[in-house]
Number of protein chains: 2
Amino acid sequence: MELDARKRKVLEAIIIDYIATAEPVGSRTIARKYNLGVSPATVRNEMADLEELGFIEQPHTSAGRVPSDAGYRYYVDCIMERNVLAKEAKVLIEQSYQTKMKQIEELIQLSLKILSSMTSYTSLVVAPQFGKSTLQLIQLMQVEPGKALIIIVTNGGRIENRIIDIPEAVTKTDLEIVSAVLNEKFKGIAVKDWDKIILKAVQSQLLGQHKVFSLALEFLDSLLCDEAEDKVYLAGALNILNQPEFKDISKVKNILELLENEDVVSSMLKDEGEGGIQVRIGTENKHDSIKECSIITATYKLDGKTFGTIGLLGPTRMQYAQAMSILEFLTENLSISLKRL
Amino acid sequence: MELDARKRKVLEAIIIDYIATAEPVGSRTIARKYNLGVSPATVRNEMADLEELGFIEQPHTSAGRVPSDAGYRYYVDCIMERNVLAKEAKVLIEQSYQTKMKQIEELIQLSLKILSSMTSYTSLVVAPQFGKSTLQLIQLMQVEPGKALIIIVTNGGRIENRIIDIPEAVTKTDLEIVSAVLNEKFKGIAVKDWDKIILKAVQSQLLGQHKVFSLALEFLDSLLCDEAEDKVYLAGALNILNQPEFKDISKVKNILELLENEDVVSSMLKDEGEGGIQVRIGTENKHDSIKECSIITATYKLDGKTFGTIGLLGPTRMQYAQAMSILEFLTENLSISLKRL
DNA sequence: GTTAGCACTCTCCTTAGTTGAGTGCTAATA
DNA sequence: TATTAGCACTCAACTAAGGAGAGTGCTAAC
């Protein structure tokens with residue numbers, strides 16, 4: 001759809017003004033503040049057209065106009081200029097990533113904090129899907145007779161551990177042998193490639209030797225099952241309370257409840273269209289409670305492969321340009337820090 | 001302070017009614033609903049006395065009465081009968097603890113969920129202070145050249161790990177030797193007893209042999225420092241939104257912000273008076289944002305020693321008797337499950 | 001000591017009127 | 001033909017006034 005230049009200007013002015021004020025925008029305001037060089041009457045005519053096209057709406061007869069989801073969509077796709085992030089903001093982000101992180105979780109929490117404090121929206125992450133990591137180390141150790149600690153380390157600094165019950169007869173040496181075999185079999189292989197077939201093969205091949213094998217394999221198997229449940233982190237959820245459109249407590253409650261559900265958050269962030277920054281506006285979201293919100297997502301990488309998704313949740317009346325450029329610059333930095341880990 | 005029987009009855013009726021309705025209670029309501037066998041006028045006289053004593057208050061001249069913090073305090077200390085928990089509730093809790101838990105964290109999260117769902121208040125835990133645990137296993141492993149994983153397991157199923165940089169020259173055998181020595185020195189000793197003095201002694205004794213020692217000891221040292229920061233968990237924070245006294249969004253915001261701060265939550269739960277169930281009502285709390293809330297806390301144990309604190313946060317208009325008995329029964333079950341871990 | 005009766009107070013709700021922002025339409029203008 | 005000034009109209013938001021209702025404190029009678 002092509003709009004003529006003036007209509008675009010009017011739409012842009014309405015959106016910018018509404019984003020800033022959260023109040024319906026009138027023709028007079030636009031004509032005066034966004035010097036288009038025409039009278040309010042002319043603007044009114046343009047607005048009537050834009051309304052017919054579905055880009056703006058009137059809350060009630062004698063109010064100003066408010067952008068519709070379609071309006072925001074057009075703005076994001078066709079009007080908005082991709083903001084170049086201010087130097088100070090870049091420096092701020094880069095400095096924040098200077099501190100040495102020890103764990104991948106710390107790094108993610110840090111990223112969320114930066115995002116939320118810079119944008120004052122809610123920031124979300126679905127963490128490294130386990131399946132995409134490759135194994136660096138697997139080790140079994142005796143904790144006390146009858147109990148063993150099994151621990152696996154993957155690239156990106158992720159560590160998983162569990163204590164399992166083992167037969168009392170199993171010795172430390174047994175555990176070391178098992179560890180050695182498992183390391184040999186799985187080291188350097190992506191977790192998602194340890195599919196059931198490989199597991200089964202190893203299992204049938206080695207089962208006779210030690211009961212511990214089957215227990216260890218059980219653990220690995222359960223890890224594979226857990227893989228489906230991505231880990232979710234979020235920060236700045238309470239920023240929602242600052243938005244005037246959410247002064248109604250029941251709306252806020254619905255959103256915050258949604259955010260407490262990891263599966264939901266994970267599905268919210270999953271983007272079909274790979275690559276780059278995705279924007280989902282208002283009703284484009286599946287979940288009812290966030291049909292008045294927009295979500296901006298980006299992916300971060302490790303070893304060149306997409307590793308996880310990080311996103312921002314705000315009202316549809318969102319600072320799209322600014323938020324997108326912050327998110328973009330931050331994911332770059334996150335990916336770099338992740339590699340250094 | 002001693003109140004005569006009828007004043008106690010009136011106060012009790014006011015509190016029970018107010019807890020149920022969240023509306024100021026009038027003399028007529030009490031006389032009729034809580035059949036005291038006297039007329040509203042008599043009740044009014046009693047109420048005037050109770051107000052003078054500071055146990056109840058009037059929001060405005062022609063409203064009913066509302067309990068004051070002092071009123072709740074008197075009720076909890078002197079009037080309230082300690083509820084015996086209903087069989088069904090006990091069964092519910094016991095059943096919930098049947099499922100086999102693998103990690104202490106899971107166990108705590110489960111407890112919080114039970115608490116919040118049964119009471120519809122917010123439930124809080126400050127987790128096992130590290131210092132109270134005893135070491136079961138400490139182990140160093142090579143992950144890749146130049147990087148080692150250090151892992152320690154304590155009783156109660158707590159596992160801590162970190163990846164540290166080591167000189168590339170360090171071999172697997174070196175790490176095993178170091179692990180063996182550390183295990184020998186520290187196994188079975190409470191973390192808080194590895195005080196700086198012991199650490200220093202070990203350090204000076206062994207430093208010459210391997211650089212890895214100093215790195216490992218550094219890790220242990222940093223664990224000791226981290227000890228001060230208790231881990232905090234919470235569940236059901238959004239239950240606050242259901243309370244009519246918190247329909248004002250700014251109050252809610254203040255409380256939820258407070259709950260996001262781990263140090264604050266930790267200090268809220270710390271109870272000076274050891275043992276048993278503690279109740280802190282309204283202004284008895286230090287933090288301004290929760291001066292309209294009450295907190296009930298209890299401690300749970302491992303090996304006979306107090307291990308952590310679990311608590312409930314609700315409006316001062318709280319179901320004290322019920323909440324206390326649920327909390328009491330739950331901590332017993334939690335302590336038992338913890339031992340089984 | 002208890003109670004009925006009554007005047008009084010104060011919040012809450014409803015109604016009506018006023019204000020102001022903003023619109024759409026029409027006719028005049030460039 | 002596109003633009004604009006003018007004007008009547010609409011509707012939310014605010015304010016003021018007038019009950020209605022709940023509850024009190026006081027007094028006098030029981």
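Chain naming here is simple, since letters A, B, ... match the order of the sequence lines and numbering starts at 1 in each. What's counted below: heavy atoms across the whole structure, side chains too, no hydrogens, waters or symmetry copies. None of these values were measured; they are calculated from a predicted model.
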OP1 or OP2 of D:dT3 under 4.0 Å from side-chain N/O of A:Thr42: no
With 3.5 Å as the limit, what N/O pairs link the protein to nucleotides 14-17 of chain D?
none

Residues at least two apart in sequence or cross-chain that pass side-chain hydrogen bond (donor to acceptor under 3.5 Å, both in side chains) with B:Thr61, listed by chain then number, are none
Of all residues at least two apart in sequence or in a different chain, which pass the side chain to side chain contact (heavy atoms under 4.5 Å, CB included) check with B:Asn45? none
Would you list the pairs meeting salt bridge (charged side-chain N to carboxylate O under 4.0 Å, His left out) in which at least one residue belongs to residues 58-78 of chain B, sequence neighbours left out? B:Glu51-B:Arg65, B:Arg73-B:Asp77, B:Arg73-B:Glu284
Distances under 3.5 Å between protein N/O atoms and the N/O atoms of nucleotides 4-9 of chain C, please, pair by pair.
unit_1 : atom_1 : unit_2  : atom_2 : d
C:dG5  : O6     : B:Arg44 : NH2    : 3.4
C:dT9  : O2     : B:Ser62 : OG     : 3.1

Axis-to-axis angle across the helix from C:dG1-D:dC30 to C:dA30-D:dT1, five pairs an end, to 10 degrees? 20°
Without decimals, in angstroms, what is the distance between A:Asn45 CG and C:dG22 P? 17 Å
With A:Tyr320, which residues qualify under ring pair (Phe, Tyr, Trp, His ring centres under 6.0 Å), at least two apart? A:Tyr72
Check each residue of residues 6-13 of chain B for a non-hydrogen atom within less than 4.0 Å of any atom in DNA chain C, then write out the ones that pass by number, or none. B:Arg6
With B:Arg44, which residues qualify under side-chain hydrogen bond (donor to acceptor under 3.5 Å, both in side chains), at least two apart? B:Ser27
With B:Glu12, which residues qualify under side-chain hydrogen bond (donor to acceptor under 3.5 Å, both in side chains), at least two apart? none
Using the side chain to side chain contact (heavy atoms under 4.5 Å, CB included) criterion, which residues pair with A:Gln322? Sequence neighbours excluded. A:Asn83, A:Gln319, A:Ile326
Rounded to the nearest angstrom, tell me the gap between atom CE in A:Met47 and atom P in C:dG24. 8 Å
Sequence neighbours excluded, the answer for side-chain hydrogen bond (donor to acceptor under 3.5 Å, both in side chains) partners of B:Arg82 is none
